[in-house]
Amino acid sequence: MRTYTPGRRRRLWAALSSAALALTLTALPGTARATPDGGPGAGPGAGTGAAASAAGVPDRPAPGPDPDPTLPVHALAAGDAPLDNPLKGFARFYQPGGDQNTGYPHSLTWSYFGLSEVMKDASDCGRYDWSALDDSLDAIAAAGNQAAVRFYMEYPGGSGSHPANAIPPCFAGHVNNRDNAYWGTTSPDYDSPYLLDALKRFVAAFGARYDGDPRLGYIHLGLIGLWGEWHTWPYDTDTSGDSYPNHMPTDAHAAEIVDAYDQAFTHTKIELRYADSAGGAADGRPDVGYHDDSFCYREGSPAQGVTLPESMGGAPWAQLQKALEHGVENRWTTASMGGEVRPEIQPNAFANWPGGSGGVDGMKACVELEHTTWKINEGSANYSATDPNVAAAVRLMGYNLGVTDAYFHDTAEGTTKVGVRIANTGVAPFYYPWKVRLGLKDASGDVVEDWDTSWDLRTVMPTRIRAFPDWGVGADPAYLDFGSPRYFDASVDLTGVDRGGYRLVMKVDNPLEKVSLRAKKLRFANAAQNSDGWLDLGAMTVGSGQSPDPADYEAEDSGNTLTGGAVVADCSGCSGGRKVGYLGNGATLTFRHVDGGTGGTRTVTVHYATQTARTATVRADDGADRTLSFAPTADWNTTGTTTVRLDLRAGTDNTVTLANPDGWAPDIDRITVN
């Protein structure tokens with residue numbers, strides 16, 4: 001297992017003299033793709049930030065619906081979100097048999113896997129043994145964490161748990177190999193048609209088996225290059241200043257691997273090393289994120305950043321410089337941004353938060369402009385859980401969701417509506433469609449009833465974003481309003497809930513909870529957030545807010561509104577001996593001053609008379625029309641009933657309108673509201 005201490009870059013730096021280091025710095029970071037004329041830093045926009053090709057300020061998302069004005073507002077106090085919220089923050093390396101939850105709080109575990117550990121059959125590249133991956137995923141899940149993984153074929157020295165040479169044995173005799181003498185690895189011919197076909201079939205099988213697996217959080221595309229990092233330095237595309245041949249695939253062939261992953265994984269988030277990998281093959285693929293494994297490092301003399309763009313002192317090959325040149329600096333709106341805090345700086349990466357020092361670049365700027373969600377950080381094992389700088393960084397990374405207000409009636413029964421407004425003060429959205437539930441807790445803290453909602457947390461975008469200097473919108477740092485606090489509501493049926501006092505609660509279900517009892521819970525940045533995952537929205541009394549007796553409203557009441565040719569007529573079998581007829585074909589009947597109690601969905605019974613089958617539309621207030629069918633009654637003086645569920649506002653200022661734009665409606669006797 002590659003860990004922080006013997007990290008590959010530490011080995012590299014130790015191997016190079018200071019003089020040689022100065023000469024080779026331009027070759028290492030951007031090795032996956034040479035600049036257009038083969039020289040480092042050359043090409044269009046070099047040294048200028050290449051702003052012409054940047055995407056620029058992203059369009060603000062639509063704000064969503066306004067809160068329901070009929071629902072009382074309950075403000076919720078803010079609090080600090082936990083440091084080990086799922087799918088964000090730091091990832092530690094998987095150590096078989098070790099305690100995964102030591103060190104700084106985290107919810108992610110990182111692991112490599114050699115391709116030969118799955119493709120074991122020397123005679124058949126289409127046979128897969130997934131046990132190595134499954135065993136690790138099971139162990140990671142048992143610790144309550146989600147996994148981030150990468151497959152590779154060449155790993156200098158091996159990881160200790162996984163092989164150095166992971167080229168599948170079925171490639172023998174079909175795929176040529178080359179030596180990487182610098183690292184002592186064997187590189188397969190990545191342009192081999194046999195290899196490409198086998199890799200694409202592997203990716204398809206990988207996705208068919210694991211896409212959407214709750215044990216997985218993120219997948220790095222891997223497979224190509226040293227450690228699967230999409231570079232073979234110094235045997236790379238930049239051959240202008242050295243004698244090393246190129247071991248990387250052509251852009252076209254590498255793009256086939258990008259395409260295979262994009263097709264195979266439509267649920268689990270995938271990440272590619274560089275924006276210019278495979279010639280920018282991910283430029284038009286909104287589901288492919290990026291993975292900066294030299295995050296926020298500064299190198300060389302004078303020092304240049306390898307994450308921040310040239311406009312902020314970064315190198316021409318810096319991660320965000322390439323993102324700007326490819327117009328994908330806003331990819332975070334649809335795909336995750338992962339990677340690794342550069343191993344050399346992990347011990348002190350956050351010591352000068354929000355800035356940096358020495359080899360550490362402006363850390364807050366790196367997080368904000370990349371819209372970082374997670375980073376491998378084995379050095380976090382030695383961080384103090386009370387370090388305020390690290391806590392500020394982790395809470396800024398990814399999502400940081402807080403409920404600003406809850407909307408509900410303090411007392412209710414039957415069907416009632418509950419709403420919440422959620423704000424995101426992180427730098428990225430939550431990327432998965434996890435289910436949100438509402439519930440009631442009794443005095444003992446037990447959840448006695450719960451309801452699923454259709455609320456989608458992915459729509460809660462960060463309330464503000466940091467602008468790149470390349471966008472030209474103001475002096476750095478410039479912040480722009482972006483997302484809005486998002487309002488959601490749902491109707492819940494309290495029928496069957498015992499009368500009494502409860503706590504109204506809300507929870508986001510981590511799918512890993514179905515696999516592991518220790519699964520980390522998604523928790524909100526609120527003071528009332530409970531460790532069991534349920535957020536306390538406030539007190540609710542069930543059972544005495546609405547009258548249990550139905551209320552009748554006569555069609556012929558003088559306070560109602562009749563339009564068109566609708567008229568009041570005698571009806572011997574109707575309540576009060578009267579009804580409203582000649583409805584439809586432009587004529588309408590509107591009941592006024594209908595009592596909605598505390599508001600919510602109510603059962604409305606329509607009493608009618610019709611000797612022939614007819615239809616009518618019914619609408620509450622300004623809501624949508626609902627079409628009802630009315631079966632024939634014995635005659636025009638005999639009544640029948642049909643029911644409909646309508647959303648009514650709290651109070652007595654509701655209306656219910658019956659009509660039929662395309663024909664005749666039945667005669668209406670009255671309505672009853674429960």
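By the salt bridge (charged side-chain N to carboxylate O under 4.0 Å, His left out) test, Asp121 is found to be paired with Arg127, residues two or more places apart in sequence or in another chain being considered. Contacts of Asp179 classified as salt bridge (charged side-chain N to carboxylate O under 4.0 Å, His left out), with partners at least two apart in sequence or in another chain: none. Residues forming a salt bridge (charged side-chain N to carboxylate O under 4.0 Å, His left out) with Lys88 (at least two apart in sequence, or on another chain): none. Take Asp129 and apply the salt bridge (charged side-chain N to carboxylate O under 4.0 Å, His left out) test, not counting sequence neighbours, and it matches Lys120. Applying the ring pair (Phe, Tyr, Trp, His ring centres under 6.0 Å) criterion to Phe113, with sequence neighbours excluded, gives Phe151, His162.
Applying the side-chain hydrogen bond (donor to acceptor under 3.5 Å, both in side chains) test to every pair with at least one member in residues 280-289, sequence neighbours left out, gives these pairs: Asp259-Arg285, Asp262-Arg285, Asp283-His326. Sorted by first and then second residue, the salt bridge (charged side-chain N to carboxylate O under 4.0 Å, His left out) pairs involving residues 141-159 (not counting sequence neighbours) are Arg150-Glu229. Applying the disulfide bond (SG atoms under 2.5 Å apart) test to residues at least two apart or on different chains, the pairs with a partner in residues 260-379 are Cys296-Cys366. Contacts classified as salt bridge (charged side-chain N to carboxylate O under 4.0 Å, His left out) and involving residues 215-226 (residues at least two apart or in different chains) are given here: Asp134-Arg215, Asp138-Arg215, Asp213-Arg215. Applying the salt bridge (charged side-chain N to carboxylate O under 4.0 Å, His left out) test to residues at least two apart or on different chains, the pairs with a partner in residues 347-366 are Arg298-Asp361, Lys364-Glu368. Among residues at least two apart or in separate chains, disulfide bond (SG atoms under 2.5 Å apart) pairs with a member in residues 122-193 are Cys125-Cys170. Contacts classified as salt bridge (charged side-chain N to carboxylate O under 4.0 Å, His left out) and involving residues 347-358 (residues at least two apart or in different chains) are not found.
Between Trp110 and His291, the distance from one ring center to the other falls under 6.0 angstrom.
Residues Tyr94 and Tyr112 have side chains not in contact (no heavy-atom distance under 4.5 Å, counting atoms from C-beta outward).
Relative to the ring axis of Phe295, Lys375 places its NZ or CZ within 45° and under 6.0 Å from the centre.
Taking the six-membered ring where tryptophan is involved, the planes of Trp130 and Tyr128 are tilted, since the angle between them lies from 30° to 60°.
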